[in-house]
Amino acid sequence: MSAKYKPNEIETRWQAYWERERTFYTDENSDAPKFYMLEMFPYPSGRLHMGHVRNYSIGDVVARYKVKCGYNVMHPFGWDAFGLPAENAAIERGVHPAGWTYSNIRDMRGQLQKLGLGYDWNREIATCHPDYYRWEQLIFLKAFEKGLVYRKKALVNWSEKMQTVLANEQVIDGVDYRYGLPVIQKELTQWFFKTTAYAEELLDGIDNVLEGNWPRRVLLEQRSRIGKSHGARVEFKLEEAVDGETALPVFTTRPDTLWGVTFMSLAAEHPMALKLAVGTEREVEVDAFIQKTLAEDKRKRGSEDYEKQGVFTGRYCINPVNGVKVPVYIANFVLMDYGTGAVMAVPAHDQRDFEFAKKYDLPIKVVIHPDENTALDPAAMTEAFVDDGIMVNSEQFTGKSNRASIERIADFLAEKGWGGKTINYRLRDWCVSRQRYWGAPIPVIYCDKCDVVPVPEDQLPVMLPEDVTFEAEGGSPLAKCESFVHTTCPKCGGAARRETDTFDTFVESSWYQLRYASPRYEDGPVDPAAIEKWLPVDQYIGGIEHAVGHLMYSRFYHRLMQDLGFFPKSVSPEPFHKLLTQGMVCKETRYTKDENGNPVWHTDDDIDENGMSKKDGQKVLTGRVEKMSKSKYNGVDPEAIMARYGVDSARMFVLFAAPPENDLVWKDEGVDGVFRFLSRVWNMVQQRLDALKAAFPFDGNVDGLSDAGRELRKLTHQTIKGVTDDVHERFHFNTAIAKCMELMNVISRFSGATDNAGDASIQKEAVLALVNLLSPFAPHICEEIWQQLEQAGSISTVAWPVYDEDAAKESTVTIAIQVMGKMRGTVEAPAGCSNGEMEKLALAHENIQKHIEGKTIRKVIVVPGKLVNIVAN
RNA sequence: GCCAGGGUGGCGGAAUUGGUAGACGCAAGGGACUUAAAAUCCCUCGAGCUAACGCUUGUACGGGUUCGAUUCCCGUCCCUGGUACCA
């Protein structure tokens, strides 16, 4: 008996072969159409996990398929190498972040190469390298020149534990994403990118480019984050000017309720909030209320049961449409960062205003009735009427539909000079300052004389200093690094200080896809010619968790760089034309309970063969299926799986167990299954090796074939067609693999090849097709078999098989026969037989006759080649 | 609350345009080979009824459209995400 399937031996050999032959290195001189395949690059934590295996296996299948289809494929890889874990390692273990990061990169690169992934390693980048971040500094300075970057004092999410500012995405329910510890609001001067300047363009991109090519969910989330809403701006004049301000502008989507305004609400953060009360007898009370509101954390302010509270400022403003004087309140539910931070309150038609008015006994004035016959009584209302209806008490608009009047009222405001139509966005500018060491330094110098001075371009990069000290809770190591902080002002030459904040790491990941096109370019962040050639990314793959963070920032940054002239406008405004978001890798959790009833999580190794815990001797229970994580002890180490079953089985399993966008439930038995399948393919080839090698290519003459031979030929071509359909664009790798398994099942039962030359040729054709189709999923075993069968070249570069339309055709079809829509039998009919013949065959069927006996046939429905339904009663 | 996506055997999942529900795999059961086990190979496998041909029922639940519905429409329940005082 021939050699057993030993994956580890063949895998290392073929990985070396691909690297030696540069199989997956991009050929810049190729004339073939380009295909840019990209998966989201990882943070180099040092350990590969199953999520990586899944993400990169999916991408590798697509890349390999495109190579085989003749595309000039660019499939690069790199590292999102700045970030907090490196600093934590420095604090906890005394290793320098740079050393730690580069050694992690080395380890992970080794692990990835063991997965047999086809990357162009010549293009590898690490964002922590000065050759990368120097360009980021340049982009920042150019944006600063153009006014697309600015500095402002802002309330930011501050983590006491990490001593840094966090992005909104990094704060979940008031606690940080990493430690789950409280995040407070703190006022700091921060650098911002003007993302809001691109709100409309970001929406256009969704409509014109991404719609239909990105998952609907992601686009929906992006649209709602941008939060475009049409409305009106209305100027409410203050009764008397305060501190030079004469009016309070508001944003409203309901100008139709203007005549129902009975008071005004300002956010506690509103610049006029305290000023209105200064010098009046209400000052103390207002100040106390503002202090109290600001001190409360965001989570509490956002929670459902947060009580609506407010305080009267003592001032009034004038409703422009009717001259009515209304009191100005500070209210804790008004948000400063939406609209103007001031709200015209219409208690009759807004639920929040209604509750507030009830609490503080403010008037409620109805200006919309549900219809002509129904009038609302303010005193009897228990909640605001927020639906559409007929306007009342609204002067010239009385009696009109409120919905239809919204636009006309906005125009009316504009005519009178009281405001007008406006569009408001929820999107905020992007705060990129981080009080952290392991990031790209923000290239700015502060001089007492010259204020904010950008670092001159010829002095870039501003290098991260190496000689810094790390302490657990000591704040930014950069700020304490004297040699870094002290510098001279580029303008006046006097003593000056450097900015000690570094960029949010989302800045690096916003343009890495552009850098890959010319990774060693030295005259700018990107070579414009390379961008024109390679962008956009044709297929991007990554986790759904980046739906609004990374994917929004990159879309913004791409446009920013384009506007700054780094590459031409002829390039698509969107960096990623197609997006696939893959699901998480999950596994059952196993646990026992401690004395307090809290779960004690177990790994598989903590459980003995009787299902008892080795930790505490209790019976181990099975918990929910959850995302693999360190804390739940339900992770599976890819290295262990690769050592036990081989890379091909590990890859095949993650592709076969679920479609890519679904969550995947890890099952060791499932890996057994695909390993068994690959072994069967291997053993079949070994057993029939001589016959397969000796067989001639099929000459197209079907006359000499056995029936089984004909069937096998047909199935081979049907399989090529089916697998191609599944892999091409649809990414249904699970069904593609299932079809390969079906073909294999038929091949293994096929026995006619020994005494029939035609059958032998057909068998060879089937096996070669099977190996070719499987090669993107399980490349190593397929290379090995391809070579054993003495086929020319590497299967990785052999053209994807093409099916023969005629060969795939069925000669007979199975007709389903129904009576009154119920299945009553099937009949074999020649392919292409007429509706009349089908009907005849159906009526002749024994079981059908039984069912229509004594009944009148009313109608016969025939679906050609498929089904006959007899309507009889 | 609002928005989106789901709900199919013991399990993961198929069914691409309204046309044979459950492909493929896992688990389970039976058998062959073996002194035995493992491995391998073969068979069975939604539920109920039947000796069997078959019949009934079944894609969360209740209705509807249709010759025919996992697929389309209306209503209900449940799950999973996203979002939450957005004026």
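The model shown is predicted, which means the values in this text are computed figures rather than measured ones. Just so we're on the same page: letters track the sequence lines, and every chain starts at 1.
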Colleague: If a pair satisfies salt bridge (Lys or Arg N to Asp or Glu O under 4.0 Å) and one of its residues is in residues 346-355 of chain A, list it, with sequence neighbours excluded.
Modeller: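 Only A:K308-A:E355, A:D350-A:R352 qualify under salt bridge (Lys or Arg N to Asp or Glu O under 4.0 Å).
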Colleague: Using the purine O4'-C1'-N9-C4 or pyrimidine O4'-C1'-N1-C2 torsion, is B:G9 syn (within 90° of 0) or anti?
Modeller: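 With its glycosidic angle within 90° of zero, B:G9 counts as syn.
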Colleague: For A:K739, answer base if it contacts any base atom (sugar-phosphate contacts may also be present), sugar-phosphate if it contacts only those atoms, and nothing otherwise; contact means non-hydrogen atoms under 4.0 Å.
Modeller: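 Base: the residue A:K739, judged by heavy atoms under 4.0 Å, touches a nucleobase.
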Colleague: Should the ring pair A:W682 and A:Y5 be called parallel, tilted or perpendicular, given that the plane angle runs from 0 to 90° and is split at 30 and 60?
Modeller: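 Rings of A:W682 and A:Y5: tilted, as their planes differ by 30° to 60°.
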Colleague: Send over the distance from A:M344 CE to B:C86 P, rounded to a whole Å.
Modeller: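 In whole Å, B:C86 P and A:M344 CE are 14 Å from each other.
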Colleague: What's A:H349 touching, base or sugar-phosphate or nothing? Going by heavy atoms closer than 4.0 Å.
Modeller: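 It contacts nothing in the nucleic acid.
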Colleague: Count the heavy atoms of every other residue, nucleotide or ligand shown that sit under 6.0 Å from CD of A:E211, and state whether that count exceeds 12.
Modeller: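 It does: A:E211 CD has more than 12 such atoms within range.
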Colleague: Taking any heavy-atom pair under 4.0 Å as a contact, classify A:G673: base, sugar-phosphate, or nothing.
Modeller: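 Sugar-phosphate: the residue A:G673, judged by heavy atoms under 4.0 Å, touches backbone atoms but no base.
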Colleague: The side chain of A:R749 lies closest to which of these nucleotides: B:C55, B:A27, B:C42?
Modeller: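 For the A:R749 side chain, the nearest candidate turns out to be B:C42.
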Colleague: Whole Å only: how far is the NE2 atom of A:H851 from the C1' atom of B:C53?
Modeller: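 These atoms are roughly 11 Å apart.
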Colleague: Find which nucleotide of RNA chain B each of A:S229 and A:G722 is nearest to by heavy atoms, and output the residue with the more 5' nucleotide.
Modeller: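 So the residue in question is A:G722.
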Colleague: Within a radius of less than 6.0 Å around NZ of A:K840, do more than 12 heavy atoms belonging to other residues, nucleotides or ligands occur?
Modeller: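 Counting neighbours around NZ of A:K840, 12 or fewer heavy atoms of other residues, nucleotides or ligands fall under 6.0 Å, so no.
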Colleague: Got a donor-acceptor pair under 3.5 Å from the side chain of A:K308 to the base of B:C85?
Modeller: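 Per atom types, the contact qualifies.
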Colleague: At under 4.0 Å between heavy atoms, what does A:S265 touch on the DNA or RNA strands: base, sugar-phosphate, or nothing?
Modeller: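 Here A:S265 touches no strand at all.
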Colleague: What's the CZ-C1' distance between A:R680 and B:C42, to the nearest Å?
Modeller: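 Rounded to whole Å, this separation is 12 Å.
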Colleague: Just verifying a value: how many Å separate A:K859 NZ and A:M820 CE, rounded to the nearest 0.5 Å?
Modeller: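 If we round to the nearest 0.5 Å, A:K859:NZ and A:M820:CE are 11.0 Å apart.
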Colleague: I want to verify a distance call: between B:A23, B:U80, B:C55, whose nearest atom is closest to the A:N847 side chain?
Modeller: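 My answer, after comparing the listed nucleotides, is B:C55.
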Colleague: Report yes if at least one side-chain N or O of A:R824 is closer than 4.0 Å to OP1 or OP2 of B:C55; otherwise report no.
Modeller: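 For B:C55, OP1 or OP2 has a side-chain N or O of A:R824 closer than 4.0 Å.
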Colleague: Tell me the interatomic distance from A:K721, atom NZ, to B:U16, atom P, rounded to whole angstroms.
Modeller: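 These atoms are roughly 13 Å apart.
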Colleague: Counting side-chain heavy atoms from CB outward, which of B:A23, B:C86, B:U20 is closest to A:R426?
Modeller: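 Nucleotide nearest to A:R426's side chain: B:C86.
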Colleague: With a non-hydrogen cut-off below 4.0 angstrom, is A:N745 in contact with a base, only sugar-phosphate, or nothing?
Modeller: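 Contact class for A:N745: sugar-phosphate only.
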Colleague: With both distances kept under 3.5 Å, what pairs with B:C2, Watson-Crick or G-U wobble?
Modeller: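 Its partner is B:G82 (Watson-Crick or G-U wobble, both distances under 3.5 Å).
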Colleague: Minimum heavy-atom separation for A:H349 to A:I368, with atom names?
Modeller: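 Heavy atoms only, the tightest pair is NE2-N, 3.2 Å.
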Colleague: Give none if B:A52 has no partner; otherwise give the nucleotide forming a Watson-Crick or G-U wobble pair with it, both distances under 3.5 Å.
Modeller: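 Across all strands, not a single nucleotide pairs with B:A52.
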Colleague: To the nearest angstrom, how far is A:D337 atom CG from B:C86 atom P?
Modeller: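 Checked: the CG to P distance equals 13 Å.
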Colleague: Look at the side chain of A:R624 and decide which nucleotide, out of B:A15, B:C86, B:U80, has an atom nearest to it.
Modeller: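 Ranking B:A15, B:C86, B:U80 by closest atom to the A:R624 side chain puts B:U80 first.
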Colleague: Using a cutoff of under 3.5 Å, can you pull out all pairs of nitrogen or oxygen atoms linking the protein to nucleotides 4-13 of chain B, with atom names and distances?
Modeller:
residue : atom : partner : partner atom : Å
B:G5    : OP1  : A:R216  : NH2          : 2.3
B:C11   : O2'  : A:K667  : NZ           : 3.3
B:G12   : O2'  : A:A657  : O            : 2.5
B:G13   : OP1  : A:N662  : ND2          : 3.4
B:G13   : O3'  : A:N734  : ND2          : 3.4

Colleague: Under 4.0 angstrom, heavy atoms only, what part of the nucleic acid is A:T826 near: base, sugar-phosphate, or nothing?
Modeller: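 Touches a base.
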Colleague: Across all strands, who's sitting opposite B:A21 as a Watson-Crick or G-U wobble pair, both distances under 3.5 Å?
Modeller: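 Pairing partner, where one exists within any strand: none, as none qualifies.
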Colleague: For each nucleotide in nucleotides 66-73 of chain B, reading 5' to 3', give B when a protein heavy atom comes within less than 4.0 Å of its base, S when such contact involves only the sugar-phosphate, and - otherwise.
Modeller: -BS-----
